[in-house]
Number of protein chains: 2
Amino acid sequence: MKRATSKDVAKLAGVSQTTVSFVMNNTPNVSLSEETRKKVLDAANQLQYIPNSFARGLKTSQSKLLGVFLPTMDNPYYPMLMQYIEKYTARLGYSVILCCTYRNPEREKAYLDLCEEKHMDGVIYLFTPNWMKRVVQLSHTIPVVLLSEKSDDIPLNTISLNGFRCGYLVAKYLLDLGHKSIAFLMSSVSSVSLTRTKRLEGIRSAIRDAGLPPETLQVFTAPLGDSGQSEAEAGYSIMEQLLKRKDITAVIGVNDLVAFGALSCVLNSEDKRVPQDVSICGFDNIYLTTMTRPKITTVSYCTEALCELAVDMVLKATGDSDVLKLASEPQLIVRESTGPAPGTSGQCVSS
Amino acid sequence: MKRATSKDVAKLAGVSQTTVSFVMNNTPNVSLSEETRKKVLDAANQLQYIPNSFARGLKTSQSKLLGVFLPTMDNPYYPMLMQYIEKYTARLGYSVILCCTYRNPEREKAYLDLCEEKHMDGVIYLFTPNWMKRVVQLSHTIPVVLLSEKSDDIPLNTISLNGFRCGYLVAKYLLDLGHKSIAFLMSSVSSVSLTRTKRLEGIRSAIRDAGLPPETLQVFTAPLGDSGQSEAEAGYSIMEQLLKRKDITAVIGVNDLVAFGALSCVLNSEDKRVPQDVSICGFDNIYLTTMTRPKITTVSYCTEALCELAVDMVLKATGDSDVLKLASEPQLIVRESTGPAPGTSGQCVSS
DNA sequence: TTGTAGGCGTTATCAG
DNA sequence: CTGATAACGCCTACAA
């Protein structure tokens with residue numbers, strides 16, 4: 001049973017294809033009689049007419065498709081953003097294609113090609129591209145927005161997550177709480193990402209500003225397993241080591257997953273408590289951080305708003321307009337997993 | 001700058017469009033000279049020729065698009081399946097459109113329509129549809145596969161998660177461990193789903209088979225917040241109540257998220273320990289279950305294999321062939337969160 | 001082995 | 001206000 005075409009509708013309604021098109025699209029600057037309109041609508045309904053998007057695309061070269069690039073779904077951060085994007089685009093009449101790269105440049109490139117082939121109306125990157133050259137090239141054809149870390153030398157619209165500021169915020173907060181020996185926990189995948197590097201820089205900067213020595217921060221990187229859960233594993237295993245030491249009083253996970261792993265570890269130890277003995281915090285504000293007890297202190301970027309903004313930018317972009325660079329103002333979300341350093345009176349020195 | 005078309009390539013290569021088409025598609029039963037082939041390939045390369053999928057679709061009515069329906073991304077179970085599906089389809093040259101319904105029938109219907117409009121080559125449902133009539137209708141046009149609970153009266157290809165068996169497995173396991181008073185924890189969204197009902201039936205059946213009274217199982221439902229994290233919240237808050245009682249020795253979450261919430265609660269209590277005082281387990285085998293300490297006992301359905309199977313079914317389906325019904329054979333994954341009932345010698349009675 | 005020609009279902013430009 | 005008619009870019013008999 002073949003699908004009804006606009007021609008069929010026209011025939012049934014006793015009008016021309018053109019008229020059908022006008023009615024279906026509510027074409028402006030065309031006024032048709034109520035009668036014709038109704039006739040067409042009825043016919044369309046009766047035949048269950050659904051416009052063929054191929055034909056339409058051929059004419060309009062609009063696909064109503066958006067490509068969303070992400071490295072993995074294993075970190076809930078990405079599905080969360082994905083969902084925000086989907087929720088918003090659906091309202092605008094666009095659909096979303098999942099472009100999961102697994103941090104594999106080949107896959108990334110393949111999806112980039114796909115974007116052209118399918119004439120996607122826009123591309124949103126939730127991480128820093130690996131094929132920068134190709135992405136920039138693509139951006140001449142299709143609007144691209146990066147929702148990740150900003151790199152000044154990239155000529156692409158980007159909404160920066162402002163990793164530096166995130167790191168600074170967290171570190172300043174811990175420093176104000178009296179912590180003098182802080183650990184930064186990275187999984188090995190972390191090293192890849194610009195965002196994560198920036199977070200580290202931010203932390204270091206806060207320490208410097210506080211007049212403390214660089215040794216205040218110690219960085220630990222766990223070897224990587226193969227699967228995504230290894231981020232939490234990483235946090236757990238590094239924390240196991242750290243528990244043997246007396247000096248560390250605060251732990252910053254490179255993201256919430258790592259922080260979660262670290263927290264699990266401490267929760268399982270007999271002698272240490274969070275936050276009385278160790279403070280733990282992360283970045284991203286994924287839902288996990290509110291599901292644990294204690295709930296995890298973290299940094300949020302108003303992700304939903306940023307996602308909507310990214311969509312707006314991508315859809316509004318008119319050809320090669322000026323490159324837009326925005327930075328989110330991250331917010332520290334203090335919850336239960338952080339507190340004054342042990343042996344401190346605990347006054348919060350912040351302004 | 002307009003995209004190159006096959007006509008451009010033909011002109012540059014000094015051949016006809018037809019030849020270009022032949023070369024690009026490696027059309028069988030056509031042998032062209034190495035020379036022409038190379039000429040065309042070079043020209044295509046030089047012009048960065050990418051076939052226009054609209055035009056191609058218009059002829060072939062294939063979109064190389066798959067619609068994946070899921071209720072939410074908040075439960076990691078769904079992103080996990082989504083990722084499995086994406087990983088596999090990408091290899092087969094298909095892309096995936098995220099159809100997130102938020103359990104809202106209107107959205108679901110809208111996406112169903114979209115599937116027709118975009119001529120998707122297949123649709124995979126990761127939950128039980130709400131517009132069964134519409135889905136069945138759609139299935140006459142587009143292959144549909146359900147990866148969820150089987151309902152005998154639904155004329156759709158389905159891979160059943162076999163919720164009944166899942167419930168049975170878990171219950172039998174706990175019963176064998178000597179538990180005589182078991183709680184089943186549901187969030188209020190759970191009540192919607194067929195899968196979850198089946199799990200409950202399976203549990204009850206196991207109890208019956210063990211010759212124990214129905215009161216062995218007590219069912220608790222938490223009121224629903226608005227967001228997805230409330231599944232874990234539900235587990236947590238119900239567990240808070242249960243901790244005040246002495247009778248319950250084992251808790252089954254309607255899914256891993258609920259189980260996780262329950263676990264968090266117990267972990268935070270002073271007097272109870274998992275699994276010594278309470279056993280906790282769930283369903284789905286999401287990555288969270290291995291991230292906690294103790295790791296959570298759960299049921300797995302070999303989801304990756306099932307996802308690939310679903311994709312195969314959807315792509316191989318030739319028109320209205322016979323409806324295929326498969327059932328997964330779920331596997332109990334015993335981890336650290338379950339153990340013998342308190343006061344039991346703890347022998348495992350299982351064969 | 002290669003080229004010609006027609007059509008897929010829309011939209012858009014013109015006349016009427 | 002409505003109706004022919006011509007593309008859009010590709011595929012595919014069929015012809016050469």
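First the proteins, then the strands, lettered A, B, ... as listed; each starts at 1.
Sorted by first then second residue, the salt bridge (charged side-chain N to carboxylate O under 4.0 Å, His left out) pairs that include residues 83-93 of chain B, not counting sequence neighbours, number zero. For residues 45-54 of chain A, no pair satisfies salt bridge (charged side-chain N to carboxylate O under 4.0 Å, His left out), with sequence neighbours left out. Applying the salt bridge (charged side-chain N to carboxylate O under 4.0 Å, His left out) test to residues at least two apart or on different chains, the pairs with a partner in residues 92-110 of chain B are K109(B)-D113(B).
Aromatic ring orientation, F69(B) versus Y125(B): parallel (interplanar angle below 30°, classes split at 30° and 60°).
Computed from coordinates, the K39(B) NZ to dG3(C) C1' distance equals 13 Å when rounded to whole Å. Between E34(B) atom CD and dT1(C) atom P there is a gap of 12 Å when expressed in whole angstrom units. For the pair F54(B) CZ and dC10(D) C1', the computed distance is 13 Å after rounding to whole Å. Atom pair Q62(B):CD and dC10(D):P shows a separation of 17 Å (rounding to whole Å applied).
If you check every strand for non-hydrogen atoms under 4.0 Å, S61(A) touches nothing.
Inter-axis angle, ends of the helix from dT1(C)-dA16(D) to dG16(C)-dC1(D), five pairs per end, rounded to 10 degrees: 40°.
By the 4.5 Å heavy-atom criterion applied to side chains, Y287(A) and P76(A) are counted as neighbours. When side chains are defined from C-beta on, V311(B) counts as touching I124(B), because their heavy atoms get closer than 4.5 Å. Looking only at side-chain heavy atoms (C-beta outward), F54(B) and H119(A) come within less than 4.5 Å of each other.
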Report, as a single string ordered 5' to 3', how protein heavy atoms within less than 4.0 Å touch nucleotides 10-16 of chain C: B base, S sugar-phosphate only, - not at all.
BBBB---
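With sequence neighbours excluded, no residue satisfies salt bridge (Lys or Arg N to Asp or Glu O under 4.0 Å) with K59(A).
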